[in-house]
Peer 1: 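My questions will all concern the structure given below.
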Amino acid sequence: MNVLELRGIHAAYDRIDVLFGVDLEVPESSVVALLGPNGAGKSTALRVAAGLHAPSSGDVLVAGRRVNGVRPEELARRGLCLIPEGRGIFPNLTVRENLRMMSYTGTSEAVIDERAFLRFPRLKERFTQTAGTLSGGEQQMLAMARGLATDPALLILDELSMGLAPIIVEELYEIVAQVAREGVSILVVEQFASTVLGVADFAAIIVHGRIARAGRPAELRDDLSKAYLGA
Ligand SMILES: Nc1ncnc2c1ncn2[C@@H]1O[C@H](COP(=O)(O)OP(=O)(O)O)[C@@H](O)[C@H]1O
Ligand SMILES: [Mg+2]
């Protein structure tokens, strides 16, 4: 069973096509990496998956059911959680306020705090601090803690590593691997590939709105080292 499936997705902004028949599967309890250069259509594909951007054609399936046109809030209720590029936290609110805001989903504040501290002990130390004053890595931890507060079936991460030092990226991906071991499926988008390939079960490379290659990370390493990723 696939937690998420994109079938033949075409998408456009105004009349400009940016996705041209994208197929992507996230099997249950797996980590899937969607990789590709800037402007390839990665974020658009994620926004289509999360119901934030309507495809011009093609189907989005969540747990085997077609969900085209279903509202983002309803998809969230069905277990899909998107952490957008730029993390989507509220910089002027404290860590506590950012976390407790998620209680609108029905999870109690105590459970939300407990889940967050268990995975990210650093957030306990920063609990009363304003989110905007956290380090980049801590902000990403807060974003993930917010997403995981609702116990999603699928966590979607857009450019987890953006702007972070390699050692912090590695630390975050260890947490991603841990979350995956707990049974949460993960779809992660990255522009630069190396760390994510270490935790991904499957990977796909998107170039100019088309999936150029898909397979096991080991099968894709050569393609990734080619010029279009600038590596
Ligand atoms: N809101 C938007 N309006 C118009 N064009 C956009 C918008 N967002 C993205 N695009 C264009 O769509 C293409 C794919 O963008 P995006 O999905 O953000 O790529 P990626 O995440 O891989 O960098 C790019 O050419 C980008 O310029
Ligand atoms: Mg993007």
Side-chain angles (χ1 to χ4, degrees), residues 4-26 31-60 62 67-69 71-72 75-76 80-89 91 136-137 139-140 142-144 146-147 154-166 168-169 172-173 176 185-197 199-200 202-215 217 220-221 223-231:
L4 173 72
E5 192 174 336
L6 302 182
R7 277 190 198 159
I9 294 292
H10 288 248
Y13 294 100
D14 300 314
R15 299 241 178 87
I16 314 226
D17 292 330
V18 298
L19 296 182
F20 305 88
V22 168
D23 295 316
L24 188 71
E25 293 181 9
V26 183
V31 179
V32 175
L34 178 62
L35 308 166
N38 193 26
K42 305 181 297 297
S43 295
T44 304
L46 297 190
R47 290 170 54 76
V48 167
L52 295 164
H53 188 91
S56 28
S57 65
D59 288 327
V60 183
V62 169
V67 295
N68 296 46
R71 307 270 318 144
L75 291 178
L80 191 149
C81 170
L82 169 67
I83 296 177
E85 215 171 334
R87 296 163 194 150
I89 59 171
Q139 290 187 22
Q140 191 60 266
L142 177 58
M144 286 173 69
R146 277 169 50 86
L154 173 64
L155 185 65
I156 304 180
L157 297 160
D158 196 350
E159 304 227 17
L160 180 73
S161 69
M162 175 127 57
L164 302 177
I168 308 293
V169 174
L172 288 172
Y173 270 111
V176 167
S185 304
I186 296 169
L187 172 58
V188 58
V189 150
E190 287 284 5
Q191 199 171 328
F192 300 105
S194 57
T195 314
V196 66
L197 285 182
V199 306
F202 303 98
I205 304 172
I206 183 169
V207 182
H208 297 311
R210 291 180 171 86
I211 301 291
R213 287 277 278 121
L220 268 67
R221 279 185 202 275
D223 301 86
L224 284 165
S225 60
K226 287 189 184 131
Y228 57 78
L229 286 187

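Both ligands and their constituent atoms are indexed starting at 1 by order of listing.
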Peer 1: Would you mind running through ligand 1 and noting each atom that sits below 4.0 Å from a heavy atom of N38?
Peer 2: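 Selected atoms, number and element: 23 (O).
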Peer 1: Can you name the atoms of ligand 1, numbered from 1 with element, that are less than 4.0 Å from a heavy atom of K42?
Peer 2: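 Taking each heavy atom of K42 in turn, ligand 1 has 17 (O), 19 (O), 20 (P), 21 (O), 22 (O), 23 (O) under 4.0 Å.
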Peer 1: Is the closest side-chain heavy-atom distance between V62 and L80 below 4.5 Å?
Peer 2: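 Side chain of V62 against side chain of L80, heavy atoms only: contact under 4.5 Å found.
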Peer 1: In ligand 1, which numbered atoms sit nearer than 4.0 Å to a non-hydrogen atom of P37?
Peer 2: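 Ligand 1 atoms under the 4.0 Å threshold to P37: 22 (O).
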Peer 1: Among the N/O/S atoms of E85, select the one at the shortest distance from the Mg ion (ligand 2) and name it.
Peer 2: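 It is OE1, the N, O or S atom of E85 closest to the Mg ion (ligand 2).
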Peer 1: Within a distance of under 4.0 Å, is there any protein heavy atom near atom 27 (O) of ligand 1?
Peer 2: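 No; the ligand atom in question lacks any protein heavy-atom contact below 4.0 Å.
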Peer 1: Do the ring centers of F20 and H208 come within less than 6.0 Å of each other?
Peer 2: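 Centroid distance F20-H208: not below 6.0 Å, so no.
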Peer 1: Looking at ligand 1, does G36 have a heavy atom less than 4.0 Å from it?
Peer 2: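 Distance cut 4.0 Å: G36 fails for ligand 1.
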Peer 1: Can you check whether L82 reaches L46 side chain to side chain, under 4.5 Å on heavy atoms?
Peer 2: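 Answer yes - side chains close enough.
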Peer 1: Starting from atom 14 (C) of ligand 1, what is the nearest protein heavy atom, named by residue and atom, and what distance separates them?
Peer 2: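 Scanning the protein heavy atoms, the shortest distance from atom 14 (C) of ligand 1 goes to G39 O, 3.4 Å.
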Peer 1: Which protein non-hydrogen atom lies closest to atom 18 (O) of ligand 1, naming both residue and atom, and how far is it?
Peer 2: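 Nearest neighbour among protein heavy atoms for atom 18 (O) of ligand 1, to 0.1 Å: S43 CB, 3.7 Å.
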Peer 1: Return the residue, atom name and 0.1 Å-rounded distance of the protein heavy atom closest to atom 19 (O) of ligand 1.
Peer 2: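 Residue, atom and distance for the closest contact: G41 N, 3.1 Å.
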Peer 1: If you round to the nearest 0.5 Å, how far is CG of D17 from NE2 of H10?
Peer 2: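 Separation between the atoms: 8.0 Å.
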Peer 1: Is there a side-chain contact between L35 and L197 in this structure, where contact means two heavy atoms from C-beta onward sitting under 4.5 Å apart?
Peer 2: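 Touching, per the 4.5 Å side-chain cut-off.
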Peer 1: Measuring from the heavy atoms of G209, does anything fall under 4.0 Å of ligand 1?
Peer 2: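 No, G209 has no heavy atoms under 4.0 Å from ligand 1.
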Peer 1: Say whether, by atom type as modelled, one donor and one acceptor occur between the side chain of K42 and the main chain of V188 under 3.5 angstrom.
Peer 2: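 Answer holds: no.
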Peer 1: Would you check the N or O atoms of E159, main chain and side chain alike, for any that come under 3.5 Å of an N or O of ligand 1?
Peer 2: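 Looking only at distances, the answer is no, because the N/O contact criterion of under 3.5 Å is not met.
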Peer 1: Give, for atom CG of L142 and atom CZ of R87, the distance between the pair rounded to the nearest 0.5 Å.
Peer 2: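 The distance works out to 10.5 Å.
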Peer 1: Hey, does V18 come in under 3.5 Å of ligand 1, counting only N/O atoms on both sides?
Peer 2: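 No, no N or O pair falls under 3.5 Å.
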Peer 1: Would you call I211 and L34 a side-chain contact if the rule is heavy atoms closer than 4.5 Å?
Peer 2: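 They are in contact (side-chain heavy atoms under 4.5 Å apart), so the answer is yes.
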Peer 1: Drop me the distance from C81's SG to I186's CD1, to the nearest 0.5 angstrom.
Peer 2: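 C81 atom SG to I186 atom CD1 measures 10.5 Å (nearest 0.5 Å).
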Peer 1: Check V48 against A11 and note the closest heavy-atom contact, atom names and distance.
Peer 2: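 Smallest interatomic distance, heavy atoms only, reads CG2-CB, 4.2 Å.
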Peer 1: Nearest protein heavy atom to atom 2 (C) of ligand 1, by residue and atom, and its distance?
Peer 2: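 Looking at atom 2 (C) of ligand 1, the protein heavy atom closest to it is Y13 CD2, 3.5 Å.
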Peer 1: Which residue and non-hydrogen atom of the protein lie closest to atom 16 (P) of ligand 1, and at what distance in Å?
Peer 2: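 Answer, as residue, atom name and distance: T44 OG1, 3.6 Å.
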Peer 1: Counting backbone and side chain alike, does S43 bring an N/O/S atom below 2.8 Å of the Mg ion (ligand 2)?
Peer 2: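 Given the 2.8 Å cut-off, S43 counts as a ligand of the Mg ion (ligand 2).
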